Amino acid sequence: MENFSFYSPTFFEFGKDAENNAGSLVKRFGGSKVLIHYGGGSVVRSGLLDRVKASLKASNVQFVELGGVKPNPRSGLVYEGIELCKKENVDFILAVGGGSTIDSSKAIAAGVVYDGDFWDFYMGKTIEQALPVGTILTIAAAGSEGSPDSVITKEEGMFKRGASGDAIRPRFSILNPALTQTLPAYQTACGITDIMAHLYERYLTNSTEVEVTDRMIEALMLTLVHEGPRVIENPNNYEARANILWAGMMAHNNACGVGRSQDWNSHNIEHELSATYDCAHGAGLAVTMPAVFTYVMNHNVMRFAQVAVRVWGCQMDFEHPEVTAKAGIKCLQNFLIALGMPKNFAELGANEKDIPQLVNTLCYGDGRTGSISGFVTLNTDDCTNIYKLML
């Protein structure tokens, strides 16, 4: 295990009707004038936005609103939010929605107190200061409700990049599993896929002797394997929703990632797909992960064999561990397909002719120098071969 620092101060309010505590929590964490940031119609149609406003009013918290966040959130709305917050003297950002809304809120929070272009943070600058952020989560997926991370797509060039810093960890997050019960099955499955990816990206490590976090990751994977089919079969299964919701947070607040190197190549490779085709991030990961894992498996075949045995119940073949490793990757893919996820480029809406452009943007776009690094360093030829495995 490697040396690490870990700081995760988010306060969680979990359970039915928890959104009614939004106003008191904003005041508790120092907010007096709030930007309510949200996406489209679902939070309005469900009445959630009205309940949040009522809670803020009951606590005498002023607010302004900015809706319009889309999946794969865009830089244009972030700039608009930054200007609105400065104009209205906003001192707290409240994200009402899923990971895209939270990521956009974090970007706004960082940009308001920064003299330069907020995109500097998405090119590698660490976020050290930001307005406080609170979240009211409506989908188990990105884990942004407990993480120091944010992903934004820059509309000029359509670069999808991430930023990080403890300053953008939410001060509080409200998690009501009932708010996720109205999600379409496809979105629920996308969320489960994203959570599984966050776990695999940490599991694929070059660090040794990390048994504690290995076992934590495996336990969360097993939870998803158990609860995923249950919630697809019965969307109103509150307990299954609750377990998935908390698994999503635990998967990405980095409690499972301390003391170990991590991968994130699957995420980087997928980001080009969702930036180019505007597909759901989870759907893109469902196609990307099996291809990446198959390509890099021999870098440490026993790591893939271990998860195959411990999570997927595969029989260990000690003479040919690659057989076990491949079986585990196939089990993952079959699990995702059974949830309703796509299995190849065609089902994702991607096109083989675009592979050269995808690779060029992935490896050279926005300041990159020809490769991406993680569990394995991948050059342009490697990335081309991985995209072709998705066909």
Side-chain angles (χ1 to χ4, degrees), residues 8-69 73 77-114 118 127-139 144-148 150 165-180 182 245 249:
S8 183
T10 304
F11 178 90
F12 293 98
E13 189 79 12
F14 190 103
K16 295 178 181 179
D17 302 321
E19 63 272 18
N20 295 328
N21 297 324
S24 61
L25 285 170
V26 168
K27 290 193 74 171
R28 174 176 172 176
F29 289 95
S32 61
K33 189 169 186 180
V34 173
L35 172 69
I36 306 175
H37 198 34
Y38 57 96
S42 61
V43 299
V44 177
R45 291 191 302 270
S46 67
L48 174 59
L49 189 61
D50 286 338
R51 295 197 297 277
V52 171
K53 291 178 185 178
S55 179
L56 293 173
K57 290 175 182 177
S59 294
N60 296 314
V61 175
Q62 295 181 306
F63 58 85
V64 294
E65 303 176 42
L66 180 62
V69 181
L77 193 64
V78 173
Y79 288 118
E80 185 178 341
I82 291 169
E83 291 306 310
L84 178 61
C85 288
K86 289 179 177 179
K87 177 183 176 182
E88 296 289 340
N89 294 315
V90 164
D91 59 14
F92 199 99
I93 314 292
L94 181 61
V96 183
S100 294
T101 297
I102 299 172
D103 283 1
S104 184
S105 296
K106 289 177 176 181
I108 293 169
V112 170
V113 299
Y114 181 58
F118 90 91
I127 300 172
E128 296 181 349
Q129 291 183 309
L131 290 183
V133 175
T135 85
I136 301 174
L137 189 64
T138 59
I139 181 172
S144 197
E145 67 276 7
S147 81
S150 167
D166 280 326
I168 57 171
R169 281 190 188 270
R171 302 298 176 87
F172 71 82
S173 285
I174 293 172
L175 279 61
N176 177 359
L179 296 179
T180 70
T182 58
L245 196 62
M249 196 290 299

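The structure displayed is predicted, hence computed values, not measured ones.
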Working for side chain to side chain contact (heavy atoms under 4.5 Å, CB included), residues L77 and H37: CA-CA 10 Å; L77 193 64; H37 198 34; 3.7 Å; yes
Nearest atoms (heavy-atom pairs only) where D166 meets P148: OD1-CB, 3.9 Å
Side-chain heavy-atom pair V34, Q62 within 4.5 angstrom cut-off: no
E128 atom CD, over 12 foreign heavy atoms within 6.0 Å: no
Reported OG-to-CE distance for the pair S8 and M249, which is rounded to 0.5 angstrom: 6.5 Å
N/O donor-acceptor pair under 3.5 Å between S104 side chain and S100 backbone: no
CD-CD1 distance between E13 and I136, expressed to the nearest 0.5 angstrom: 11.0 Å
Working for side chain to side chain contact (heavy atoms under 4.5 Å, CB included), residues S150 and I168: CA-CA 8 Å; S150 167; I168 57 171; 4.2 Å; yes
For the student: nearest non-hydrogen atoms of V133 and A109, plus distance: CG2-CB, 3.5 Å
Side chain to side chain donor-acceptor pair (under 3.5 Å) between N20 and S55, worked out: CA-CA 6 Å; N20 295 328; S55 179; over 6 Å; no
Contact check, side chains of L35 and E65, non-hydrogen atoms, under 4.5 Å: no
Pairwise side-chain contact, T10 with R171, heavy-atom cut-off 4.5 Å (strictly under): no
Parallel, tilted or perpendicular: ring planes of F92 versus F172, cut at 30 and 60 degrees: parallel
Under 3.5 Å donor-acceptor, R169 side chain and G146 backbone: yes
Under 3.5 Å donor-acceptor, S59 side chain and L56 backbone: no
Side-chain touch L49/Y38, heavy atoms, less than 4.5 angstrom: yes
Heavy-atom closest contact (F12 atom, E145 atom, distance): CE2-O, 3.9 Å
Donor-acceptor side-chain pairing of S147 and K106 below 3.5 angstrom: yes
Side chain to side chain contact (heavy atoms under 4.5 Å, CB included) evaluation trace for L137 with L179: CA-CA 8 Å; L137 189 64; L179 296 179; over 6 Å; no
Beyond-backbone contact of F14 with P177, side-chain heavy atoms, under 4.5 angstrom: yes
Nearest heavy-atom neighbours spanning S32 and V61: O-CG1, 3.9 Å
Reported CZ-to-CZ distance for the pair F11 and F29, which is rounded to 0.5 angstrom: 6.0 Å
Given L84, L66, V64, I108, the one that forms side-chain contact (heavy atoms from CB on, under 4.5 Å) with V90: V64
Whether over 12 other heavy atoms sit under 6.0 Å from K86 NZ: yes
Residue pair I36, K53: steps toward the side chain to side chain contact (heavy atoms under 4.5 Å, CB included) verdict: CA-CA 9 Å; I36 306 175; K53 291 178 185 178; 4.0 Å; yes
Donor-acceptor contact below 3.5 Å, side chain T135 vs main chain A95: no
Rounded distance (nearest 0.5 Å) linking atom OG1 of T101 with atom CD1 of I93: 12.5 Å
Heavy-atom closest pair, residues Q129 and A167: N-CB, 3.8 Å
Smallest separation among heavy atoms of N176 and D17, with atom names: ND2-N, 3.1 Å
